[in-house]
Amino acid sequence: DEGQAAIEARGLSVGYGRVPVLHGVDLTVRPGEVVALLGPNGAGKTTLLRALAGYLRPTAGTIALFGQPCGRMPVYRRCRRGLSFMGEERHIFPGLTVRQSLRLVRAQEGALDLFPALADRGRHRGALLSGGEQQMLALTLALARGPRLLLIDELSLGLAPLVRERLLDTVRATADRGVGVLLVEQNARSVLRRADRAYVLRRGELVREGPADEWLSDLDGLASLYLS
Ligand code: ATP
C-alpha cells in the first residue's frame with residue numbers, strides 16, 4: 001500500500017558481543033525517499049546499516065521491511081524482498097570485465113547508459129578500473145538487481161568531487177523512480193542537496209531528524225552536533 005515504509009526500525013539496539021553500540025534507534029525510510037544518515041566517526045552508522053541489512057542481529061527492537069517483520073530474517077531473504085546493501089568495500093567482481101559482470105547479474109541492455117564513462121571500459125577487468133569507475137560499476141550492479149530499497153555506506157569515500165556528484169545524482173534519480181535510499185556519506189553538504197530528510201546519529205543514538213533543506217540552511221548547527 002501507498003503509505004507503507006520501505007524499512008522501519010523501532011527501538012533498535014545492536015552491539016558487538018557484549019559491547020552495545022546502538023541504543024533504541026527509531027528510523028523510517030519510505031519508497032522514493034533519499035534519507036541521509038549523518039554523524040561523527042564511530043557513532044554507529046555502519047553498524048546501523050549492517051543491522052538493517054541483516055548482517056548483525058539486534059539485541060532489542062524491531063525492523064520491518066515493506067511491512068513485514070524481518071529482525072531475524074537472513075540477508076538473502078531481505079535481498080529477495082528488495083533490499084540491496086552497498087557496504088564500504090566495493091561490491092564488484094575484480095576478475096571479471098565490466099560486461100561480464102553485468103551479464104552475471106543479468107543486467108538489462110542499456111544498464112551502462114547510466115555512466116557513459118563506464119561504458120568505455122566495457123572490456124576492462126574490475127580490478128583495473130579507477131576507484132570512481134569501480135563505484136559506478138558497484139552502483140550499476142546493485143541497480144541491475146532491481147532493488148526497492150538501497151542501503152549505501154560511504155558511496156564516494158576517497159573519490160574526486162565530480163565523480164561523487166555524479167554518483168549522488170544517480171542515487172537521487174533512483175529514488176525518483178520509487179526506490180527508498182538510506183545513505184551514509186561523509187560530505188554532508190553534497191548528500192543533503194539530494195536528500196529529502198536526514199538523521200544525525202551520535203554515540204549510538206539518533207539525536208535529531210529533519211528535512212534536508214533545513215539542515216542545509218544550518219550547516220553550522222549540524223557541525224556542532226558532530227562535536228561531543
Ligand atoms: P565511521 O564513520 O568511522 O565508519 P560509524 O558511525 O560508521 O563510523 P561504526 O563503524 O558503526 O561507526 O562503529 C560504531 C562503534 O562500534 C565504534 O565504537 C566501533 O569501534 C565499534 N565497532 C565497529 N565494528 C566493530 C566490530 N566488528 N567489533 C567490535 N566493535 C566494533
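For this chain, numbers begin at 1 and follow the sequence in order.
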Any V191 side-chain heavy atom under 4.5 Å of L38 side chain: yes
Any donor and acceptor pair, going by atom type alone, linking the side chain of Q100 with main-chain N or O of T97 inside 3.5 Å? yes
Between S217 (side chain) and E214 (backbone), is there a donor-acceptor pair under 3.5 Å? yes
Would you say M86 and L155 make side-chain contact, with heavy atoms under 4.5 Å? yes
Test item: L219 and R189 side chains (from C-beta on) under 4.5 Å apart, heavy atoms: yes
Rounded to the nearest 0.5 Å, what's the gap from CG on L48 to CG on L22? Could you check? 5.5 Å
Within a reach of under 6.0 Å around CZ of R77, are more than 12 heavy atoms found that belong to other residues, nucleotides or ligands? no
Between atom CD of E33 and atom CZ of R197, what is the distance when rounded to the nearest 0.5 Å? 4.0 Å
Donor-acceptor contact below 3.5 Å, side chain K45 vs main chain G39: yes
Taking the side chain from R202 and the backbone from A43, do they hold a donor-acceptor pair closer than 3.5 Å? no
V14 versus T59: any side-chain heavy-atom pair under 4.5 Å? no
List the atom pairs, donor and acceptor, that lie under 3.5 Å between side-chain atoms in residues 141-154 and the rest of the protein, sequence neighbours left out.
unit_1: R148; atom_1: NH2; unit_2: R81; atom_2: O; d: 3.1
unit_1: D153; atom_1: OD2; unit_2: T46; atom_2: OG1; d: 2.8
unit_1: E154; atom_1: OE2; unit_2: Q186; atom_2: NE2; d: 2.9

Positive for side chain to side chain contact (heavy atoms under 4.5 Å, CB included) with T140, one of V98, L114, I92, T170: L114
Check the surroundings of atom CD in E89: do more than 12 heavy atoms from other residues, nucleotides or ligands lie under 6.0 Å from it? yes
Y55: what forms a ring pair (Phe, Tyr, Trp, His ring centres under 6.0 Å) with it, not counting sequence neighbours? F85
Polar contact flag, side-chain donor to acceptor under 3.5 angstrom, S190-E185: no
My understanding is that only one of I63, L182, V35 makes a side chain to side chain contact (heavy atoms under 4.5 Å, CB included) with I7; could you say which? I63
Taking the side chain from R172 and the backbone from R194, do they hold a donor-acceptor pair closer than 3.5 Å? yes
Any heavy-atom pair between the side chains of R208 and Y199 that's under 4.5 Å? no
Okay, side chain of E133, backbone of S130: is any donor-acceptor separation there less than 3.5 Å? yes
Measure the shortest side-chain to side-chain distance between L27 and V29 over non-hydrogen atoms and say whether it is less than 4.5 angstrom. yes
